[in-house]
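Let me begin by presenting the structure, written as structure tokens, before commenting on it.
Note that ligands are numbered from 1 as they come in the structure, with each ligand's atoms numbered from 1 the same way.
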Amino acid sequence: MCGIVGYVGEKKQVVEVILDGLKRLEYRGYDSAGIAVANNGEALQVRRAEGKLRNLEESIRLKPLNGTYGIGHTRWATHGRPTEENAHPHRDCTGKIVVVHNGIVENYMSLKRKLIEEGHKFTTETDTEVIAHLVEKNLYQTGNGKRPSLEEAVRKTVKQLTGVFALGVICSDEPEKIVAARNGPPAVIGLGKNEYFVASDVPAILHHTRDLF
Ligand code: GLU
């Protein structure tokens with residue numbers, strides 16, 4: 001169970017805030033890291049790397065990213081090898097949704113089997129990827145023609161999971177929004193002036209705001 005840091009706001013450099021926050025959680029140990037960043041209404045950009053955060057920084061240096069909101073993760077692998085492919089954030093089939101997750105989805109095998117039967121394409125060995133596809137299903141494939149909000153889709157998704165989790169979810173169709181949920185592992189929300197933070201632990205964002213809950 002490792003690190004999550006998310007930021008929404010135009011005041012700060014989103015990539016810097018996220019990488020700096022993840023560094024402040026490094027003491028917890030991790031085996032890989034990743035980040036997803038977006039600008040209003042544009043496609044999500046994702047970078048991931050095996051090993052230390054400096055490898056992720058190097059990949060960003062070679063192929064820079066920027067945006068006004070985003071989310072990052074340091075992974076301690078429980079399901080699937082500690083490779084770049086298995087590093088979070090994980091994507092759905094449309095590429096519009098990304099998920100970072102701390103914890104374990106205990107019923108991921110049965111969920112994955114069903115989602116594959118329904119036509120979803122999986123690209124990682126992780127338990128976490130089922131969450132991205134479930135959010136996709138609950139957001140876009142509701143059957144009644146009315147699309148729920150991302151919050152509603154995530155709420156429905158977490159009811160289908162057994163296990164423990166702290167989650168951060170972004171969908172590029174709903175700009176400037178990070179939906180977080182937790183059951184077990186900690187998650188903290190930080191409020192700034194026209195800016196918002198989410199993290200798996202206080203030290204990641206405490207230097208930005210003391211308005212935490
Ligand atoms: N179970 C997830 C995985 O193996 C999340 C691990 C974590 O908490 O970092 O990818």
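Residue Arg75 has at least one N or O atom closer than 3.5 Å to an N or O atom of ligand 1. Note: an N/O pair closer than 3.5 Å links Gly103 and ligand 1 by distance alone. Checked by distance only, ligand 1 and His79 come closer than 3.5 Å through their nitrogen or oxygen atoms.
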Quiz prompt | Worked check of salt bridge (charged side-chain N to carboxylate O under 4.0 Å, His left out) between Lys146 and Glu152 | solution = CA-CA 12 Å; Lys146 192 179 164 292; Glu152 286 165 338; 5.4 Å; no

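Between His101 and His88, the ring-plane angle classifies as parallel under the 30° and 60° cut-offs. Classification of the Tyr108-His79 ring pair by plane angle, with boundaries at 30° and 60°, yields perpendicular.
Proximity of Ile170 to Leu150: side-chain heavy atoms (C-beta onward) are nowhere separated by under 4.5 Å. Residues Val158 and Asn183 are not in side-chain contact: their nearest non-hydrogen atoms beyond the backbone lie 4.5 Å or more apart. No side-chain heavy atom of Tyr7 sits under 4.5 Å from any side-chain heavy atom of His208.
Heavy atoms from both the backbone and the side chain of Thr78 come within less than 4.0 Å of ligand 1.
Of all atoms in ligand 1, listed by their number and element, those nearer than 4.0 Å to a heavy atom of Trp76 are 6 (C), 7 (C), 9 (O). Within ligand 1, counting atoms from 1 as listed, the ones closer than 4.0 Å to a heavy atom of Cys2 are 8 (O), 9 (O). The ligand atoms of ligand 1 that sit less than 4.0 angstrom from a heavy atom of His73 are 9 (O).
The closest approach between Gly80 and ligand 1 stays at or above 4.0 Å for every heavy atom of the residue.
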